[in-house]
Amino acid sequence: KAKAGLKDFLHINDFDKDTILKILDRAKEVKELIKSGERTYLPFKGKTMAMIFAKPSMRTRVSFETGFYLLGGHALYLGPDDIQMGKREETRDVARVLSRYNDIIMARVFAHQDILDLAKYATVPVINGLTDYNHPCQIMADALTIIEHVGQLEGTKVVYVGDGNNIVHSWLLLASIIPFHFVCACPTGFEPDARTTKRAIKAGVGKIEITNDPKEAVKGADVVYSDVWASMGQKEEAEYRRKVFQGFQVDEELMKLAGPKAYFMHCLPAERGVEVTDGVMEAPNSIVFPQAENRMHAQNAIMLHALGL
Ligand code: CP
Ligand code: NVA
């Protein structure tokens, strides 16, 4: 099934560097327009988006729904109890039915295969709003935030401290098409997916390091990045993980080792006092809220690209 002129947004490295940078430029443009109060740019007018959520969300839900509305469209929220994809109905049936009502589908799911199946059977673009494997919209917002604060992404050093999870996979995929230095400092046994790491290194674009030493890793960082130690679907492991992840909290001392130019970023939600201290979250170099805001702007540009607009 060909989606003429339409594109799914499932993994960062489904696109080349130029396309990703073009989407980010578009995000900046549309962000300025929206922030200026301009409300006459309505490219999504007459369009609807189905948003499937198998997991909870604040940012993804609100930023997609608000962004789509601000550009003229209408978004429908389908929560975990609504369509129960894969349980009440097979994913391939959901994909084909929603495609007949809606112009675009955004989904947050557990198994990555679910987003692949949705994309395979949908005849409209499918946007990945987080799976157990990756979170490409988040990393697009992060890239936009780094470009705004540091000046550029190329050549910067981003040090992620914590669990080698879905966020890390998206960072690795970004570093496989854009040259920057990405370091993941995680406890032994919590490294990112080995195949993804290997492929990203083999791409030979960004400099990629996986280490168990956060103190050494953060030296000279432009950005220190943190995420929860137990992701959605792993919450029953939270207590055990708190023990294993001792030494991987981003605190004032670690930020001092990173140096004065280092920004702090976190995809949120954050557990203050666990993976990050309250002091680091509230420090002047913490850019977690501009980062959260950029979810909306990055995604608007992603949706424009997906719809060929
Ligand atoms: N960062 C992020 O995706 O937040 P939500 O889980 O609240 O959508
Ligand atoms: N790694 C986290 C990200 C939340 C936005 C999770 O999957 O729960």
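Worth knowing before you read on, the calculation uses all heavy atoms, side chains too, and leaves out hydrogens, waters and symmetry mates. In listed order, ligands and their atoms are each counted from 1.
- Listed by chain and number, the residues in a side chain to side chain contact (heavy atoms under 4.5 Å, CB included) with Thr66 are Val62, Leu70, Met296 (sequence neighbours excluded).
- Here the two rings, on Phe44 and His74, have centers that are 6.0 Å apart or farther.
- Shortest contact from atom 8 (O) of ligand 2 to any protein heavy atom: Met232 N, 2.8 Å.
- For the salt bridge (Lys or Arg N to Asp or Glu O under 4.0 Å) condition, no pair includes a residue of residues 136-145, sequence neighbours left out.
- Using a 4.0 Å cutoff on heavy atoms, Leu268 counts as a contact of ligand 2.
- One distance of note links OG1 of Thr277 with CD of Glu282; it measures 10.0 Å at 0.5 Å rounding.
- Nearest protein heavy-atom neighbour of atom 7 (O) of ligand 2: Asn166 ND2, 2.8 Å.
- Listed by chain and number, the residues in a side chain to side chain contact (heavy atoms under 4.5 Å, CB included) with Phe190 are Asp163, Pro187, Tyr240, Arg241, Val244, Phe245 (sequence neighbours excluded).
- Using a heavy-atom distance under 4.0 Å as the criterion, the protein contacts of ligand 1 are Ser57, Met58, Arg59, Thr60, Arg108, His135, Gln138, Cys267, Leu268, Arg295.
- Polar contact with ligand 2: absent for Lys55 (N/O pair, distance under 3.5 Å).
- Judged by distance alone, with hydrogens and angles left aside, the side-chain atoms of His181 form no donor-acceptor pair with the main-chain N or O of Thr156 at under 3.5 Å.
- Every atom of ligand 2 with a heavy atom of Asn165 under 4.0 Å away is listed here by number and element: 1 (N).
- The nearest heavy-atom contact from the protein to atom 3 (C) of ligand 2 is Asp227 OD2, 3.6 Å.
- Taking OG1 of Thr145 as the start and CD1 of Ile139 as the end, the distance is 10.5 Å to the nearest 0.5 Å.
- With a heavy-atom cut-off of 4.0 Å, Leu130 touches ligand 2 through its side chain alone.
- With ring centers used as reference points, His11 lies under 6.0 Å from His112.
- Taking the six-membered ring for Trp and the full ring otherwise, Tyr225 and Phe264 have centroids separated by 6.0 Å or more.
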